[in-house]
Each structure stands twice: as C-alpha cells, then as structure tokens.
Amino acid sequence: MTLFIDSLLAVSITMVALAGLLVTYGLLRIVNLAHGEMIAVGAYAASVASSTEAGFFVGCAYGFLLGGFLGALLERVVVRRFYGQNIALSLLGTWGISLGLVQILRLVFGPVGRFVPVPLEGTITFATADYPAYRVIVLGISIFILITLIMAIRSRIGLYIRAAMENQNKAESYGINTKRTFQLTFIIGSGLAGLSGALISPIVAIYPGMGTEYTILGFLALLLAGSHGINAAVFACILLSLCRSLVAGIVDANAATLAMYGASLLALLGFSWIDGKLHDNHRLRTWKE
Amino acid sequence: MAHKLNKDPSVVRNRIYYGVLAFLLMFGILSASIFFYLQNEKPVERIVKIGVLSPISGFMSGHGASINMGAAIAVEKINKEGGILGHQVKVILLDTKSDPPVAAERTRELIGRNQVDLIIGTGTSAETLAAIPDSEKSHTPFLYSLDGEAKTCMPNDNTSVAHWIWGTGFTERMVVKPLLETLAHHFVKNRRAIKIYFIGGDYVYPRTTNAYAKDVATSLGYSVVGDEYSDTSTQDYAPVIRRIETAKPDILIVTNPGESGVAFMRQARQMGLHKKLLISGFATFDQEALDAMGDASEGVYCVNRYSRRIQSPANAEFLSLFRTKYPTASTLPGPTAAAGAYGAILVAKAAFDKAGTLDRDAFARAMDNLEVVLPQGTIRVSEKNHIFEQPIYVMQIRGGEYEIIDVIDHAMHPDLEGCSVH
C-alpha cells in the first residue's frame, strides 16, 4: 500500500514535469529536447523568487512566464521552421538549444546547486506511513493539469490546433490563423515546462543539467507512443514512471533504471513485430517521414 | 573542340576554385611555418605549469568551481611572492566533465601537449584512477586533491608505493573509526545495540568507503541493518527512504557526494527522516553541497580535514585571500575542494623549494617526510605511502556552519591498505 502510494506520488511528479513536453509533441509533433532546460529555468526562477520577499508561489508564476517567454523566443527563431517537417530536424534543433541553455544557466548561476525551501512542511499520515505533504499537493496539481489538458484538447481550441496540424491550407481557408495557433501551443507547452520546474524545485536538487533525466523519460514515452498522439504519450509516460518507481521500491534504484529501459526496448520490439505482422508500420511513420 | 571545352563556364569555375584552394593551402603552410619559426627563435622563459583536472561540468560541478577558485588563489599568492624558485607559475585548467574517460583524455593532453610540471585535481575517485596510469608512466607528479581510498600504490603491485602519485586528502581508514565512536557517544543509553544503515552512490568511492565502514561498525559491535547503492542519476529517493524507515536504524551513513546527495537529503527531510535517526556520512556534506541542501543538512554529523572555523594564521590568510578574490562567491571555501586544491599547490611549492631545482626526481625525493603548515593544520607527507598525515575534525552542521566537536590531531593511513589501483 505504502509502495503503491509512493509510486503514485512519484508518477505525479513525473507527469507534472513532462506535461509541457507531451503538449508540444501531441499537438505539434515537435519533440522538444530543450524541455528539461526549460524545467531548470523554472526551478531557478523559483529559487531566486523564494530567496527574496516574493516567495515560492510568485516564483511559480515567474517560472510559467519565463518558460513561456523562452518558448515564444525559440518558436520565433528556430522551432517555427520545423512544423510538419521531418521529426529528426526538431530533435537536432532543440537538442542544440538544450546544450546552449545549460551553458547559459551555468554562466548566470554558476555550477553550484541551489535549493528552494518546501512551501508546505510536514507530513500527512495515512494508514501506516507518513507522506510528505508537498508531494500530495503535487499529486493534486498533476491531476488538475491532466484534466485541464484533456478538456482543452476536446474543446474548440483543441479542435483548431488539430485541424491546423492535419491540413494547414484547409484550416487557413476556414479562418484559422495556423501560425498563431502553433505559436500559442508551443508557448503554452514551454510555459508548462517552466511552471513544472518551479513546482518540483523543492523536491529535487537544482543544477543546470537537472532536466536531462526528465527529458530522457519523456523521450522514451514519445518513442513508445509513436504517431498515436497525446493520449498514448500520457499513458506511456505513466506506465514507464510507474514501472520505475515500483521496481525501485521492490528491488533498488539501479534495477529500476534497468527495468525502465528494458521494458521500453521490449515494448518497441514488440510493437515493430506486431506492425510488421499487420503490414502497417504507422508507429515508425512519424519518425521516418 | 578542345578550346570550346575550356570556355565551358563550369570548367572555368572549377579551375578558379582549385586555384584558390591551392593558394589557401600554400598560404596556410607558409604562415604556419613562419609562425613556428618565430616562436622557436624567441627565447622562452621557463614557467612552472600546473595542470588542474577539474570537473567543471557534470554531477561534481560544484566541486569543480571550488577547485578552480582554490588553485587560482594559491597561484596568485605564489606569483606575488616571487614564484617557485624564481619562475612564474601558470595554471592550465581542463574540464573532466566528472567523467573518468574524459579525465584520462585530459591527463594525456596535460602531459603531452601542455607538458605540465605537475597535476592536481579531479572530482571523484574514478576520475583520479583514470588519471593515474598516464601520470605514473610519464613521470609527472600527480597530487590528487580529493579524499578517498588509498590510490598511491603501483599499478599491478599493491604492496609498493607509486613513484609519482600523492594523496593529499584523508582515507576512510583515517576517519571512519573516530566518526563512529563520536556518534556512539550520542547513544549512551542504548550503546549495546546500535543499528546502522549505509547508503551511497553506485561507484567506487561510496562502495569502498562504506565497505570499510561496515567492517569497523561490526568490530565496534553495531549491527548493520542495511546497505544500498543508487545510480547518481536517481531522481526519486522515496523507495530508498522507505526501506530505511522499515529497518529502523539509529544511525544512517550517507556516502553520496554531489547533486544526488543533495536530492536524497532534501527528500529525506521532507519525509521526516531526520526526526527518527541520526544522519552522518562521508564526502556528502561539503560546503558546496550544504549551500544546495539548505535546511536539509541541519544537525548532520560529518568528518573532514577542513572547516573555516579553524583558528590559525594559515587559515586566516587563506580566508582573507579567498574573500578578496571572490567577494561575491556564494560558496565560501569548501572543505575538500577549495582548501584542498590550495593546499596541494602550496605543498608542491614547498617541495620544489626544498629540492632547490625543478628536476622531477629531486621533487619526488623532497616530498618524502615534507612538513607544511596549511589552512587545515600541519601536514606531513608520508614516505611510506605518499598519503598526507593530517589533523581530522569531527563536526556537526548547525545553521549552515560546521561546528567542530572533536579533533584527531595526527591521523595516519596504515601502509597501503585498501589501495584501489589495479
């Protein structure tokens, strides 16, 4: 029971951290490898804000705005060229951005880590074990974000985005400003990354390369989801992170990492086998196009 | 037909292209040879080059920053005082990325291309081990500046001491017993049945340190109730913390340097672990880590060779040099890293001064039994194992400061026990 709730809390942290990545991939087919660095930017924003009078929650707002601003900038300069193009382009482009951002963070804040005090101290006792109160809050937030995302995608706005992605010319002819739509979606995805960085900052160590682990997990999830869209990506993400936490709880952290990579490898092999049988390799299609 | 072909614009363009290319090539070769000629003509003044292997990036980057600062102050101080035997000193800083293969590559670069007179640094035992073979082979003195298990024996022969390797830090054999005994004082009521749990990062240093500490704990009559290692990229330590809670130990030993230790301590604090047991550890609670841990380090016991609370003229000088050069640095001199790099360079200078020449064999002879006053106290270079004999401080962290609660004046490593060079 304790193990299950702990895993749930860990999964919720991962989900919060990766929400932005899933949005940009699910809606724009852009794999944003700079997502982890946007998380780091948000975390630094929170650490700066909470060391002044502004406090943690203002820091979260800063994180969202800063992430969004960064997203707007990147979209304008780089990412705009990748819509509807080969996915490898967006991979390479955003990876370069990610390397650059790490160096900028190191230049500005130095390589020494920072910390953010927990906004909510104490533990919540449930059944036989104590749970950190803040993690429970993050669980709540992750559920909120997930529901909001589902609502947004099902709403008229989501329809516009999907229409624009599906057929840009047709969408334009129906009066949708596709450029603006893509831009806003990417900004929201980046803003979410910044916000999530601020939210997880009290739990993790804050240093320039802190986002890399999340990007790797997210990338694996996207690989598994293939062209099946945002729902599949969210599902893959939850499964992977749950697998890691459960194995970490039962065996140890090293076995967990191994299990996560092993499971995704097996799943990919399995998928390609099934796709081969069905003579339809739509999973790989997005990656090859 | 032939002249017609010649007039084909693409052929003409090709010719121009090759012509320009050939010209550039010739020009490059010519200018390079002139450059080298001039450089060789110029009488080069002998400078002493100190190579610093520093983990500027990667998971030990906090240490890297401190190493760089410590080395910079030491060199500035030496140059101001007239250099080493009248020669100016220059630091050549290379980033090891906290990665052993990169450290090995950088070592070859320092030895081959830069022809350094000595090497200091690295952030982890694994990097030090990667740097040792080439230093020993090329007869380049290497004073590794971090603490850790003994690494000063000959490769392939663990019973004789290496010629060109020195360990400036303390080894687990110098600190584990004093620390455990001091901790035991806090359990006077129930000293007969102390339960102890070990955790650490999954690489050489934490594993060897904890393995030795486990033996010592067993010999002191404690019962070891857990022993576990996590990859340094681990993000979520909740499962580890749960297992510790279930085992109900009195003492938790954390050997998890760098950012992963910070993540562990922050999560342990949030899960209320500090209320249930006493936390201590090795190489995990350095100043750099403390700044990133915040309140999560409060009350933790640790052992180290340096604290800025040490009252001595040498330490006062070090601190004033540090504050003058880095007035805005949020990290004050870290125990192992900044003071360690600073100390290693001062010891090397003392050895050159004693030898009276920059000759390497003379340097190696001068190092034997050399005594130097450093910020951390007086150290003596052991002739037997090349490991510095030095004072060791048991400390408790209170309000972000290291309060010294016990001093072992002259800790020595026994021969070459536990040497990890193969």
Side-chain angles (χ1 to χ4, degrees), chain A residues 2-3 5-7 9-11 13-14 17 47 51 102-103 106 109-118 120-123 125 129-135 200-210 212-214 216-217 241 244-258, chain B residues 54-66 68 98 199 201-202 228-243 245-246 258-273 275-276 287-297 328-331 334:
Chain A
T2 313
L3 174 64
I5 296 177
D6 273 336
S7 301
L9 295 175
V11 170
I13 295 171
T14 319
S47 85
S51 66
V102 172
Q103 293 306 328
R106 185 169 291 132
F109 293 100
V112 180
R114 300 171 70 97
F115 75 99
V116 173
V118 198
L120 192 67
E121 294 254 9
T123 51
T125 312
D130 295 338
Y131 301 94
Y134 185 68
R135 283 196 184 207
I200 63 169
S201 64
I203 302 173
V204 297
I206 304 169
Y207 57 99
M210 62 179 278
T212 317
E213 290 302 316
Y214 293 102
I216 292 174
L217 184 91
S241 151
R244 185 167 67 176
S245 304
L246 286 176
V247 178
I250 296 164
V251 194
D252 64 21
N254 293 347
T257 314
L258 204 66
Chain B
S54 174
I56 298 166
S57 52
F59 80 107
M60 291 302 286
S61 56
H63 266 78
S66 287
N68 304 350
S98 310
I199 68 155
D202 193 15
E228 148 162 31
Y229 301 89
S230 312
D231 190 84
T232 47
S233 66
T234 305
Q235 295 283 324
D236 181 26
Y237 283 96
V240 180
I241 296 165
R242 287 290 180 220
R243 273 190 288 275
E245 279 177 348
T246 318
E259 275 120 12
S260 47
V262 173
F264 172 82
M265 286 303 292
R266 289 207 58 75
Q267 293 174 19
R269 181 88 182 182
Q270 283 163 32
M271 292 177 79
L273 199 64
K275 292 178 198 146
K276 297 170 189 160
Q287 186 73 51
E288 298 84 357
L290 237 53
D291 292 338
M293 275 180 200
D295 58 342
S297 62
T328 55
S330 61
T331 316

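The figures that follow rest on heavy atoms only: side chains count, while hydrogens, waters and symmetry mates do not. Each chain gets a letter, A, B and so on, in the order its sequence line appears, and its residues count up from 1.
- Checking side-chain atoms of Arg266(B) against main-chain N and O of Val116(A) turns up a donor-acceptor pair under 3.5 Å.
- Listed by chain and number, the residues in a side-chain hydrogen bond (donor to acceptor under 3.5 Å, both in side chains) with Arg244(A) amount to none (sequence neighbours excluded).
- Looking at Glu259(B), its side chain never comes within 3.5 Å of a backbone N or O of Ile206(A) through a donor-acceptor pair.
- Separation of atoms NZ (Lys275(B)) and OG1 (Thr123(A)) is listed at 5.5 Å; rounding is to 0.5 Å.
- If you measure heavy-atom distances from Pro208(A) to chain B, you find no contacts under 4.5 Å at all.
- In this structure, Arg242(B) and Leu3(A) have side chains that are not in contact, with every pair of non-hydrogen atoms separated by 4.5 Å or more.
- A pairwise comparison of heavy atoms in Pro239(B) and Ala248(A) identifies CB-O, 3.4 Å as the closest pair.
- In this structure, Gln270(B) contributes its side chain and Pro202(A) its backbone to a donor-acceptor pair below 3.5 Å.
- The CZ atom of Phe115(A) sits 11.0 Å away from the CZ atom of Arg269(B) when rounded to the nearest 0.5 Å.
- Glu245(B) CD to Asp130(A) CG: the interatomic distance, rounded to the nearest 0.5 Å, is 6.5 Å.
- Smallest separation of non-hydrogen atoms from Met271(B) and Asp6(A): CE-OD1, 4.4 Å.
- Most heavy-atom pairs under 4.5 Å with chain A, from the set Val262(B), Asp202(B), Ile56(B): that is Asp202(B).
- When heavy atoms are compared at a cutoff of 4.5 Å, Thr234(B) approaches chain A solely by way of its side chain, counted from C-beta outward.
- Using a 4.5 Å heavy-atom cutoff, the side chains of Asp236(B) and Arg135(A) are in contact.
- With a 4.5 angstrom heavy-atom cutoff, Val251(A) touches chain B only via backbone atoms.
- Using a 4.5 Å cut-off between heavy atoms, Ile250(A) contacts chain B through its backbone alone, with no side-chain atom that close.
- Highest contact tally toward chain B, considering only Ala253(A), Ala205(A), Pro117(A), is held by Ala205(A) [criterion: heavy-atom pairs under 4.5 Å].
- Both the backbone and the side chain of Tyr131(A) have a heavy atom closer than 4.5 Å to some heavy atom of chain B.
- The contact between Ser57(B) and chain A is made by backbone and side chain atoms together, counting heavy-atom distances below 4.5 Å.
- Looking at Met293(B), only its backbone comes within 4.5 Å of chain A, counting heavy atoms on both sides.
- For the set Leu246(A), Val118(A), Ile200(A), Val204(A), the entry with the most heavy-atom pairs within less than 4.5 Å of chain B is Val118(A).
- Among Gly64(B), Gly294(B), Ala263(B), Gly258(B), the residue with the largest count of heavy-atom pairs under 4.5 Å with chain A is Gly294(B).
- With sequence neighbours left out, Ser241(A) forms a side-chain hydrogen bond (donor to acceptor under 3.5 Å, both in side chains) with Thr14(A).
- Judged purely by atom type and a 3.5 angstrom limit, Asn254(A) uses its side chain to pair as donor or acceptor with the backbone of Asp231(B).
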